Amino acid sequence: MTDTAPTAAPRAEVFTTYSPATGEPVAEHPVAGAAEVADAVSRGRTVQEGWAALPASRRRDRLLRWKKALATELDTVARTIAEETGKPSGDAALEVVLTLEHLAWAARNADRVLRRRRVGAGLFAAHQRASLVHRPVGVVGVIGPWNYPLYTPMGSIGYALAAGNAVVFKPSELTPGTGVLLAELFDAAVPGHAGLLATVTGPASTGEALARSGVDKLAFTGSPGTARKVMAVCAETLTPFLAECGGKDAVIVTADADLDAAADAIVWGALSNAGQTCAGVERVYAVREIHEALCQRVAERAEKLRPGADADAPYGPMTLAGQVDVVERHVSGALAAGARALVGGAESVRAPFVAPVVLTDVPEDAAAMTEETFGPVVAVNAVADVDEAVERANASRYALGAAVFCRSGRAGAAIAARLRAGAVSVNSVLGFAAVPALPFGGSRDSGFGRIHGAEGLRAFTSVQSVTVQRFTPPLALTSFAVPAATRERAVRLARALHRRR
Ligand code: NAD
């Protein structure tokens, strides 16, 4: 080869996504390295100020245009989600619908929640006009999972944009196409703000580059193990961090509950999306009087369901092939430890389609009760009473969602108040997920911080407190010129007031 031979332009590194149902390739996407991520963050920084400076009503209208575009392209977005995750297209469409509800809420409520608010100044600062305002943090990095590749990250993206920020989004390497489409639809619907929402695709290394990029906050959704690693990187630069992680949600069923309704909800909460739902039902504690009747109803419903690749299947394949081994370990381990299989068993756990597994009498220290299974498996255990149910539900290193089935809504709410969970549904499962005004998030290994609702908007802001002095006070204390007698008068006055009560 001579010096003058034409050299081919270096090909950007790419990765391929595959259909979890068929194993066929779906698409190729570039691997964004540190330079591409830095570039996206820097472009976001350039356009963010203009976005934040827009009157609130204009930001709202632009976000509603994006929402309209997502609704218009609902079939395309749902098809992309279904291709990448393997979930039935009806489930994917429902995911888009829930996302639209949240985006509408964030767009319409951001100004009300975040606008400047006057506060009382108190006796000793009566000469001050005091107010606070929530200002955008700047550029928000969002790292997303694959199980709800639109709904879950949009709980951060939509709310962060509505609060006046730019966003750089790193979708899961299993579902990058959904993230790319989201940003394309934004650019098409909201011209003139290119770079305000950028999607960078790639594996863990791209996520790590985003954590190191100097973003003003990082919102992470994924497993607690990864959250620890990403948080450690953020700690190096004191980058604020929000973690939405896994769950091991419990359902409590009382003696007077409607058992058909409870069984119906339990089966859907445990098996929909092949059990790959952070707030899916994994444990059930039923009081002994109705335990057998409930097991029978759950089993009757679960054994009729078979996963498949067709649009009518109740649920699809396991999206992450490696998760099948975890599910197998949990089911076999529980059975070896003395659990009984009411539906399916270890033989049900075959890649990529895992048939429903309903277990009972599972020892509380089995992995199926302590670790996130993230598959179509549910354990229905008996307890002596509601107190024991609450104790067991709370004895988990996860604390995300929970549900209570109980005749009276009021009694159910009283049980909910005793549960250590970020969100509780009474007489339904996952009821909170469809209410945009309700914050969502957990504690312990389920993470910390909240997305959705007013808290979810405030999560992407920093509060600025302002005082404006209206007149020189008679008891001015912030000056060396203040006579000692004035200071003493102030102290006497304060003491007299605070001694009263
Ligand atoms: P994961 O932790 O494997 O990956 C999540 C994201 O982090 C992916 O985009 C991945 O590329 C990225 N990542 C991996 N290693 C990284 C690193 N070292 N630095 C930076 N980024 C890195 O999780 P997953 O398998 O995609 O998702 C499943 C988990 O997410 C489950 O535990 C589930 O419960 C949880 N989840 C939680 C919620 C919630 O709102 N609480 C919602 C959906 C899913």
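Computed from a prediction, not measured in an experiment: that's the story for all the values here. We count ligands from 1, going down the list as the structure has it; atoms in each ligand are counted the same way.
For Ala227, no heavy-atom contact with ligand 1 is shorter than 4.0 Å. The proximity of Tyr148 to ligand 1, defined as any non-hydrogen pair under 4.0 Å, does not occur for either the backbone or the side chain. The side chain of Glu372, and not its backbone, has at least one atom closer than 4.0 Å to an atom of ligand 1 (non-hydrogen atoms only; side chain from C-beta on).
Counting only heavy atoms of the protein, atom 28 (C) of ligand 1 lies nearest to Phe374 CE2, 3.9 Å. Of the protein's non-hydrogen atoms, Gly222 O, 3.4 Å is the one closest to atom 35 (C) of ligand 1. Closest to atom 12 (C) of ligand 1 among all protein heavy atoms lies Ile143 CG2, 3.7 Å. Ranking the protein heavy atoms by distance from atom 21 (N) of ligand 1 puts Gly207 CA, 3.6 Å first. For atom 18 (N) of ligand 1, the nearest non-hydrogen atom of the protein is Lys229 CD, 4.1 Å. Of all protein heavy atoms, the one closest to atom 5 (C) of ligand 1 is Thr221 O, 3.6 Å. Shortest contact from atom 43 (C) of ligand 1 to any protein heavy atom: Asn147 OD1, 3.2 Å. In terms of protein heavy atoms, atom 10 (C) of ligand 1 is closest to Glu173 OE1, 3.5 Å.
Every atom of ligand 1 is numbered from 1 in the order shown, and the set under 4.0 Å from a heavy atom of Lys170 is 8 (C), 9 (O), 10 (C), 11 (O). Heavy-atom contacts of Ser172 reach the following atoms of ligand 1: 9 (O) (cutoff under 4.0 Å). Close approach to Thr152 involves these atoms of ligand 1, each under 4.0 Å from a residue heavy atom: 42 (C), 43 (C). Ligand 1 places these atoms under 4.0 Å from at least one heavy atom of Gly144: 5 (C), 6 (C), 8 (C), 9 (O).
For the atom pair CG of Asp249 and OG1 of Thr277, the computed distance is 9.5 Å after rounding to the nearest 0.5 Å. Between the OG1 atom in Thr370 and the NE2 atom in His330 there is a gap of 6.5 Å [rounded to 0.5 Å].
Checking only distances, Phe220 never comes within under 3.5 Å of ligand 1, N or O to N or O. Residue contacts with ligand 1: Trp146 is placed with a nitrogen or oxygen under 3.5 Å of a nitrogen or oxygen of the ligand (distance criterion only).
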Arg43/Asp39 under salt bridge (Lys or Arg N to Asp or Glu O under 4.0 Å): CA gap, chis, key distance, verdict
CA-CA 6 Å; Arg43 270 185 292 128; Asp39 195 43; 3.7 Å; yes
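Side-chain N/O atoms of Thr373 and Lys248 include a donor and acceptor closer than 3.5 Å. If you check the side chains of Thr22 and Ser19, you find a donor sitting under 3.5 Å from an acceptor. Defined by atom type and a distance below 3.5 Å, a donor-acceptor pair is missing between the side-chain atoms of Glu244 and Thr152.
A salt bridge between Arg392 and Glu388 is present, with a side-chain N of the basic residue lying under 4.0 Å from a carboxylate O of the acidic one. Ion pair Arg212/Glu236 flagged as a salt bridge, since at least one NZ, NE, NH1 or NH2 atom sits closer than 4.0 Å to an Asp/Glu carboxylate oxygen. For Arg59 and Asp111, the salt-bridge test fails: no basic side-chain N is under 4.0 Å from an acidic carboxylate O.
Evaluated by nearest non-hydrogen atom to atom 22 (C) of ligand 1, the leading choice among Thr226, Leu320, Leu174 is Thr226. Considering only non-hydrogen atoms, atom 42 (C) of ligand 1 lies nearest to Cys278 out of Cys278, Ser205, Gly422.
Shown here is Arg65, whose CZ atom has more than 12 heavy atoms of other residues, nucleotides or ligands within 6.0 Å.
Under the 30°/60° scheme for interplanar angles, the aromatic rings of Phe374 and Trp146 are found to stand perpendicular.
In this structure, Lys87 satisfies the cation-pi test against Tyr148, with its NZ or CZ atom closer than 6.0 Å to the six-membered ring centre and inside 45 degrees of the ring normal.
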